[in-house]
Amino acid sequence: DATIYLVRHAEKVADGTRDPDLTAMGRARADWIAGYLADKGLTGIYSTDYKRTRETAQPTAEKTGLAVNLYDPRALDAFAAELKSKDGVFLVVGHSNTTPMLANLLAGSHLKYAGEDVYDQIFKVKLSEAGAANVSVSFSKPRQDHMARLETLKEAIASRLGVMADVARYKWNNDLPIEAPEREARIIDTTTQRAVEMGLDPAFARQAIFMQMEASKLLQRELFEVWIPNEQPPFESIPSLADDIRPRIDILTDALLDAVQKAEFLLAFCPSLPVLGEKPEGTDFSWAVWGEAVMGLHPTTECIAID
Ligand SMILES: O=C(O)C(=O)C[C@]1(C(=O)O)C=C[C@@H](O)C=C1
């Protein structure tokens, strides 16, 4: 059996060189990691051959008396196979764009690249003799405020939904159907294109935006259901759907996709789901509308526990 702790290197100096050292904060994080691992029964340490990764492993090496073995981050498949054949407890120090991927190779998980500015994730992969694999995540200190990313995402959802009452009023005044299939098709096309440009999984982005549109139709239907029995007269001074509201929706859709990208890695973690389910403060969407809007953001694979 093996337990493998995977971290990316800690904060590095921005000196423009290929091989920078850690900053003071990075060294503090590396020390914290050594303390965290002190009672885990470590039997081996691996690092890539860069100063920032070796310096991240160094306090743990000093504390445990273990040597730091080097591995090639360009040959992750081979390294994963090597780790899978071992028994023991290991620390593996890598990079932002190799560490979640190595964990995925080991555990069959779907962890995402979190971004250059995220330094505090510690992935723990447990491999059993029988071939079972499990991954969980915890956070080193100084802890970073990732929950703000979920709040930003929720605000972006709320802002887009916030336009839909005006859409409904325009359609009411002009006797238009709530559903606009051509407009939806164009938004889905644009979303696919943007997702590819951004490096976001297009299927995930499409699902996220598809559900925003389901939620906005539901919101509009809820309003019509009040207006119809009340014989609501036309609304005054409603902006133009084509010239004003839809261009605004396009901007809000872009902002939402940016927020999805920044929060994507967090969405895979189990505790994010109840947070997402709570409407942002001060919004009065129905629970049904909010539920539709966030449904498209739920991971389709099993969520990852936080230790
Ligand atoms: O643009 C509209 O007509 C809307 O109602 C907005 C919206 C959307 O969420 O973008 C929702 C439903 C329509 O079928 C198309 C688009």
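We count ligands from 1, going down the list as the structure has it; atoms in each ligand are counted the same way. Predicted, not measured: the structure shown is a model, and the values here were computed from it. Values reported hereafter were calculated over all heavy atoms of this structure, with side chains retained and with hydrogens, waters and symmetry mates removed.
The side chain of Ile187, and not its backbone, has at least one atom closer than 4.0 Å to an atom of ligand 1 (non-hydrogen atoms only; side chain from C-beta on). Under 4.0 Å from ligand 1, heavy atoms of Met213 appear from its side chain as well as its backbone.
Annotation: Ala180 places an N or O atom under 3.5 Å from an N or O atom of ligand 1; distance criterion only. Taking any N or O of Glu184, backbone or side chain, at least one lies under 3.5 Å from an N or O belonging to ligand 1.
Rounding to the nearest 0.5 Å gives a distance of 5.0 Å between CG of Leu200 and CD of Glu264. With rounding to the nearest 0.5 angstrom, the CZ atom of Arg206 is 9.0 Å from the OG1 atom of Thr191.
Of the protein's non-hydrogen atoms, the one nearest atom 9 (O) of ligand 1 is Ser216 OG, 2.5 Å. In this structure, the protein non-hydrogen atom closest to atom 6 (C) of ligand 1 is Met164 SD, 3.9 Å. Scanning the protein for heavy atoms near atom 12 (C) of ligand 1, the closest one is Lys217 CG, 3.4 Å. For atom 16 (C) of ligand 1, the closest non-hydrogen atom of the protein is Arg183 CG, 3.9 Å. From the protein, the heavy atom lying nearest to atom 5 (O) of ligand 1 is Lys171 NZ, 2.7 Å.
Between Arg8 and Glu116, at least one side-chain N (NZ, or NE/NH1/NH2) sits under 4.0 Å from a carboxylate O, which counts as a salt bridge. Look at Asp120 and Lys141 and you find no salt bridge, because none of the NZ, NE, NH1 or NH2 atoms lies under 4.0 Å from a carboxylate O.
Considering Tyr50, Tyr119, Tyr71 in turn, Tyr50 is the only one that fulfils the ring pair (Phe, Tyr, Trp, His ring centres under 6.0 Å) rule with His95. Exactly one of Leu223, Leu219, Leu218 qualifies for a side-chain contact (heavy atoms from CB on, under 4.5 Å) with Arg221. That residue is Leu218.
Pairs passing the salt bridge (Lys or Arg N to Asp or Glu O under 4.0 Å) check and including a residue from residues 284-303, sequence neighbours excluded, do not occur.
Of the candidates Arg160, Arg246, Gln220, Glu182, Arg160 brings a heavy atom nearest to atom 10 (O) of ligand 1.
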